[in-house]
Protein chains: 2
Amino acid sequence: MARPPNPKPVTMKDVARAAGVSVMTVSRAFKADTSVNSETRARIHAVAEEMGYVFDVMAANLRAQKSDFVAVTIPTLSNANFADTVDALSRGLAGEGLQVLLGYDNYDVDEEERLIEQLLRRRPEAIVVTGGTHTPRTRRLLGNAGIPVVEIWDLPADPIGHVVGFSNAGCIEDMVDHLVAKGYRRIAFIGGDPEQDTRGADRKRGFLRAMRRHGLDAGRAAGVGRSPASMQSGARALTRIMAEHPDTQAVVCVADQSAFGALTECMRRGIRVPEDLAIAGFGAFEVAAICVPTLTTIDPLPGRIGARTAELLLALRAGTAPDGPQTISITPALRLAQSTGDG
Amino acid sequence: MARPPNPKPVTMKDVARAAGVSVMTVSRAFKADTSVNSETRARIHAVAEEMGYVFDVMAANLRAQKSDFVAVTIPTLSNANFADTVDALSRGLAGEGLQVLLGYDNYDVDEEERLIEQLLRRRPEAIVVTGGTHTPRTRRLLGNAGIPVVEIWDLPADPIGHVVGFSNAGCIEDMVDHLVAKGYRRIAFIGGDPEQDTRGADRKRGFLRAMRRHGLDAGRAAGVGRSPASMQSGARALTRIMAEHPDTQAVVCVADQSAFGALTECMRRGIRVPEDLAIAGFGAFEVAAICVPTLTTIDPLPGRIGARTAELLLALRAGTAPDGPQTISITPALRLAQSTGDG
DNA sequence: GAGGTTTATGTTATCGGTAACAAGCGGCTG
DNA sequence: CAGCCGCTTGTTACCGATAACATAAACCTC
């Protein structure tokens, strides 16, 4: 049983010899829609299974000048929304035999550059990058790669290729509009480190724009440090905001994690939500729907982003996609709940 | 700018021609520790960058009979703990130029079999599988693959190769022991569909064993359906338990998600935690540390699992690992908090 | 300055598959 | 029965890189 690990894995040549046919016949036997005598094919399969033969996709792909890879970059796996997007994307591509090759850039455009360079060496058939802000070199690498490029989770002003995303600024504006319509005026923002998480920064920009548009004070803000935003940092940010602006009526957060952290801090301090303070988040994470009170949030529909991206890539492969770069705009859904008095 | 996508990507041959040298010299120019005139090397790099040359790892690896891949299977990405393990693993391997090739089996051993078969075709240099329960064919495939196999997140009775994990049953036993020591007697369990999530089933087995050992009633239980356990299903399970066994004093949950869902249901019903009911979870997810009251839980140290696995694989590659299959046992940490009166 | 060594580069064969072409063979047609 | 067709199988070259070996020039050493 404990055979020594095969130093030389079994190849088609070995199978061919054992089955008494040529390598080409073995190759054909492993491909559908090829003319091989059905008995021969069965025998080859039996011999191969018996010998523990494992098809070498790499070699086949080298010859066929393809890879069956789709490279994907996300900031981090530790975010259920990105995970959902990747999950839907993988699922959508798996049917066509495409494998997702995943990399993380930790919300850092320089790491993204290194990562993309590394991923491109695997000759993926398409590349999906999260976000629309990149280094010049990254843009050049992607532009010259000769493969479909899709930027997701954003609506870049100057896209590299295709886009499947939404406006991070826009949906926070909608959230502020909703709060203003409900009568809130002294509204604060938690999150948005401009140097790092560009989508977080976009959300803050949306907040500022909306507040100015309504003629309200846009000076109430507290950062949460490096992304991903943690629940702990949300709690700390709330403490800071209430210390500096005790009369704040509502808080809009860059993410549900921050919002939930702020909510728990309110519970500890006896601040009633939403009576004393309204709280809104972003992301429609599971916690938002179940915590007490439930959290008003924005659902960016991460699964839909992944699924639409997969559809787009398959259409491009099949040649059924319209000409030119596609921009597929996803409309995030406002999920009103108890934390803003909408329950 | 909008040049038509290169139908034929640039190869070393093209670079060689453009630089007026042979392919071999270009190959050397891209490898450290090879003797190439430094001016020539610089010129080749310049020409390559200018032409948009991208090194083809696949071809190089075919020749070198390696892949730089480590295949990893996890049940799902939608679980921060698995994500943390993969994250630490990727990070540990990245330094040696190893790429993680990730696949999801959705807590299903048959899907796992298909997945592993597919991953092996890429000729990974090692394979890491989450869990210690597999189909016979999967065991055969892994055993014959001739590469290091590591089972993680479990301590299988009959390991295929190496192991980096912990006893899922054991740590729930510890949790029950703790509750019994604190005076709780009527303890219920939430979760553990035996047909599907084998680690969840192990945890339930640990619960039953501990209860019987203490001579207590092990009949209080409610499932949460298919994994991954959701917060919603935890809330429903609590409702069911309290309907059937209103005098329950404590609830042990298969995961923090279930525990938090149960906690929110208590808040809605006016059940005080921990005064009327103690709640314990598993996983040490972020929510456990921040919610009110904070949740007693078990931290399986997912990052450490990933990091130790990476270390093991690197040692095996370097030939510095001890002979024979290694079993690295991780000791999960009990995190006592308010929900069991330990805050 | 002959012989040995180092440095820089080229040539050939090869990794494990497969496209393209070739060929053997039985059956069918006129 | 010559000729053509379809089915099955084999042969050759090649995908893009590189190990191994070969070679040419420069550089020492006694």
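All heavy atoms count here, side chains included; hydrogens, waters and symmetry mates do not. First the proteins, then the strands, lettered A, B, ... as listed; each starts at 1.
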**Message:** Looking at R41(A) and R28(A), would you say the former's side chain and the latter's main chain have a donor-acceptor pair under 3.5 Å?
**Reply:** yes

For residues 63-74 of chain A, which side-chain N or O atoms pair as donor and acceptor with protein atoms under 3.5 Å away, sequence neighbours left out?
from, atom 1, to, atom 2, distance (Å)
S67(A), OG, F69(A), N, 3.1
S67(A), OG, R123(A), O, 2.7

**Request:** Write down the distance between CE (M12(A)) and P (dC15(C)), rounded to a whole number of angstrom.
**Result:** 15 Å

**Request:** Would you please confirm or rule out a distance under 4.0 Å between OP1 or OP2 of dT9(D) and any side-chain N or O of S35(A)?
**Result:** no

**Request:** Take atom CZ of F30(A) and atom C1' of dA19(C), then tell me their distance rounded to the nearest Å.
**Result:** 19 Å

**Asked** How would you label the contact of V57(A) with the nucleic acid (heavy atoms, under 4.0 Å): base, sugar-phosphate, or nothing?
**Response** nothing

**Request:** Ignoring backbone atoms, test whether T25(A) places a side-chain nitrogen or oxygen under 4.0 Å from the OP1 or OP2 oxygen of dG10(D).
**Result:** yes

**Prompt:** Rounding to a whole Å, what distance do you find between I44(B):CD1 and dA8(C):P?
**Reply:** 12 Å

**Prompt:** dC15(C) C1' sits how many Å from N61(A) CG, rounded?
**Reply:** 15 Å

**Prompt:** Which of the following nucleotides, dA20(D), dG17(C), dG10(D), is nearest to the side chain of F55(A)?
**Reply:** dG17(C)

**Request:** Take K31(A) and S22(B), find for each the nucleotide of DNA chain C with the closest heavy atom, and name the residue whose nucleotide sits nearer the 5' end.
**Result:** S22(B)

**Message:** Quick test of your reading of the model: are R114(B) and D110(B) salt-bridged, counting only N-O distances below 4.0 Å?
**Reply:** no

**Message:** Taking 4.0 Å as the cut-off, does a side-chain nitrogen or oxygen of Y53(A) come that near to OP1 or OP2 on dG16(C)?
**Reply:** no

**Request:** Give a yes or no on whether the backbone of V23(B) and the side-chain of S27(B) come within a donor-acceptor separation of less than 3.5 Å.
**Result:** no

**Item:** N/O donor-acceptor pair under 3.5 Å between T25(B) side chain and V21(B) backbone
**Value:** no

**Request:** Please determine, for the side chain of M24(B), which listed nucleotide (dT18(D), dG16(D), dG10(D)) has the closest atom?
**Result:** dT18(D)

**Request:** Give a yes or no on whether a salt bridge exists between R140(B) and E113(B), defined as a side-chain N under 4.0 angstrom from a carboxylate O.
**Result:** no

**Message:** If I take atom CG in residue L62(B) and atom P in nucleotide dT18(C), what distance separates them, rounded to the nearest angstrom?
**Reply:** 12 Å

**Message:** Expressed as a whole number of angstroms, how long is the span from R43(B):CZ to dT9(C):P?
**Reply:** 8 Å

**Request:** State which of dT18(C), dT9(D), dG16(D) makes the closest approach to the side chain of R63(A).
**Result:** dT18(C)

**Asked** If you fit an axis to the five pairs at each end of the helix from dG1(C)-dC30(D) to dG30(C)-dC1(D), how big is the angle between those two axes, to 10 degrees?
**Response** 40°

**Message:** Return whichever of R123(B) or N37(B) has its heavy-atom-nearest nucleotide of DNA chain C closer to the 5' end.
**Reply:** N37(B)

**Message:** Can you say whether a donor on the side chain of R28(A) sits under 3.5 Å from an acceptor on the base of dG17(C), or the other way round?
**Reply:** no

**Asked** Does dT9(D) have OP1 or OP2 sitting under 4.0 Å from an N or O in the side chain of T40(A)?
**Response** yes

**Asked** Which of the following nucleotides, dG16(D), dG17(C), dT9(C), is nearest to the side chain of D56(B)?
**Response** dG16(D)

**Request:** Would you please confirm or rule out a distance under 4.0 Å between OP1 or OP2 of dT18(C) and any side-chain N or O of Q65(A)?
**Result:** no

**Item:** T11(B) side chain near dG16(D) phosphate (N/O to OP1/OP2, under 4.0 Å)
**Value:** no

**is_close_aromatic(Y53(B), F30(B)), centroid dist under 6.0 Å** = yes

**Message:** Using a heavy-atom cut-off of 4.0 Å across all strands, would you classify A64(A) as base, sugar-phosphate, or nothing?
**Reply:** nothing

